[in-house]
Amino acid sequence: MQIRLLYVSRPVGPQTTTVTSSILSEAQLYNREHDIGGVLCQGQGLYLQVLEGERGPVNRLYARILADTRHRDVEILHFEEITERRYPRWSMAHVQLPDDDPMIQMGHPEFDPYAASGSFVMAMVEELLASGHAIEGPAP
Ligand SMILES: Cc1cc2nc3c(=O)[nH]c(=O)nc-3n(C[C@H](O)[C@H](O)[C@H](O)COP(=O)(O)O)c2cc1C
């Protein structure tokens, strides 16, 4: 039984790509070992992460992530059972949420994931990936 989970959180302390890169390099090994994939978006004072994999391993990883003091206000936005992975080759892609991208601002003038519907936020993550905002794919 595979699932896809999307959550939002707020970083504690300054949010830099360096912090995110170190989180991601920690994550690569664990995710690969547990066959978990997804996307981590950061920017605008937010983290948005999609996790995909077997239900048990994704739940256990989510519990670890929930206990991580590098972020707070962790809230599940979307949860679904899936038959196909959307990010099969990516143990964890990295997307920078643009602070001042006019397209994103225009498309989503009052973007607040804590208030928006989960499917809306999921669609936005897809849009960001499709429009080439991924700044890092998986480690080879
Ligand atoms: C926003 C965010 C996303 C994270 N994503 C992952 C991830 O995909 N995989 C992972 O193993 N750890 C991830 N972590 C790190 C875990 O929360 C945790 O620190 C790591 O699994 C090590 O746990 P331990 O200190 O209990 O050994 C993430 C942390 C944050 C703050």
Side-chain angles (χ1 to χ4, degrees):
M1 169 75 60
Q2 299 199 93
I3 60 158
R4 180 180 300 128
L5 183 155
L6 167 70
Y7 74 81
V8 63
S9 67
R10 295 191 171 99
V12 167
Q15 186 177 40
T16 62
T17 45
T18 319
V19 173
T20 308
S21 299
S22 90
I23 289 173
L24 282 171
S25 54
E26 271 173 35
Q28 298 295 353
L29 188 66
Y30 185 93
N31 292 12
R32 197 161 301 180
E33 250 172 38
H34 296 87
D35 195 21
I36 294 169
V39 186
L40 178 64
C41 307
Q42 70 137 123
Q44 304 187 8
L46 295 169
Y47 282 118
L48 284 168
Q49 189 173 29
V50 183
L51 299 171
E52 280 184 352
E54 285 295 319
R55 186 169 64 191
V58 171
N59 269 285
R60 286 188 280 280
L61 172 59
Y62 181 69
R64 286 158 69 101
I65 290 174
L66 208 51
D68 197 314
T69 54
R70 288 172 289 188
H71 63 170
R72 61 189 169 88
D73 305 336
V74 189
E75 271 188 31
I76 292 177
L77 299 181
H78 184 84
F79 179 97
E80 64 184 314
E81 289 179 353
I82 55 170
T83 49
E84 275 178 34
R85 299 276 195 105
R86 205 173 272 161
Y87 317 105
R89 295 165 295 113
W90 291 7
S91 61
M92 196 51 63
H94 181 192
V95 170
Q96 177 74 44
L97 292 175
D99 283 321
D100 53 2
D101 186 320
M103 299 247 309
I104 303 291
Q105 299 298 328
M106 252 191 306
H108 314 287
E110 290 149 20
F111 176 62
D112 173 8
Y114 285 93
S117 90
S119 7
F120 173 85
V121 181
M122 185 69 90
M124 207 209 71
V125 171
E126 283 306 296
E127 202 179 292
L128 282 167
L129 268 176
S131 59
H133 281 89
I135 56 174
E136 245 175 63

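Note that this is a predicted model, so its numbers are computed, not measured. Sequence positions, counted from 1, serve as the residue numbers for this chain.
- Within the 4.5 Å cutoff, no side-chain heavy atoms of Arg86 are placed close to those of Val39.
- Note: the hydrophobic cluster containing Leu48 also contains Phe120 (ILVMFWY, side chain heavy atoms under 4.5 Å, direct or indirect links).
- When all heavy atoms are compared, the tightest approach of Leu77 to Pro113 is CD2-O, 3.5 Å.
- You'll find the side chain of Val95 reaches within 4.5 Å of the side chain of Leu129, heavy atoms only.
- Taking His78 as the reference, Leu6, Glu80, Met122 meet the side-chain contact (heavy atoms from CB on, under 4.5 Å) condition, with sequence neighbours excluded.
- Crowding of Glu84 atom CD: a count of heavy atoms from other residues, nucleotides or ligands under 6.0 Å not exceeding 12.
- Rounded to the nearest 0.5 angstrom, Gln2 CD and Arg55 CZ are separated by 11.5 Å.
- When side chains are defined from C-beta on, Val8 does not count as touching Val121, because their heavy atoms never get closer than 4.5 Å.
- Using modelled atom types, no side-chain atom of Gln42 and backbone atom of Thr20 make a donor-acceptor pair closer than 3.5 Å.
- Leu128 and Tyr114 fall within a single hydrophobic cluster, where Ile, Leu, Val, Met, Phe, Trp and Tyr are joined by side-chain heavy atoms under 4.5 Å apart, directly or via other members.
- With rounding to the nearest 0.5 angstrom, the OG atom of Ser9 is 9.5 Å from the CG atom of Leu66.
- No single ILVMFWY cluster, assembled from side-chain heavy atoms under 4.5 Å apart, contains both Leu5 and Ile82.
- Between Ile65 and Gln49, the shortest heavy-atom distance links the atoms CD1-OE1, 3.4 Å.
- A distance of 11.5 Å separates CE of Met92 from OH of Tyr30, quoted to the nearest 0.5 Å.
- Taken from CG in Asn31 to CG in Leu24, the straight-line distance is 9.0 Å, to the nearest 0.5 Å.
- Closest approach of Pro11 to Gly45, counting heavy atoms only: CD-O, 3.3 Å.
- Using a cut-off of 4.0 Å between Lys/Arg side-chain N and Asp/Glu carboxylate O, Glu26 and Arg70 are scored as salt-bridged.
- Under the ring pair (Phe, Tyr, Trp, His ring centres under 6.0 Å) criterion, Tyr47 pairs with no residue at all, not counting sequence neighbours.
- Judged as a side-chain hydrogen bond (donor to acceptor under 3.5 Å, both in side chains), and not counting sequence neighbours, the contacts of Arg10 are Asp73.
- Between Pro57 and Asp35, every side-chain heavy-atom pair lies at or beyond the 4.5 Å cut-off.
- Here Phe79 contributes atom CZ and Asn59 contributes atom CG; the two are 6.0 Å apart, rounded to the nearest 0.5 Å.
- Distance CG/Leu51 to NE2/His34: 13.0 Å, rounded to 0.5 Å.
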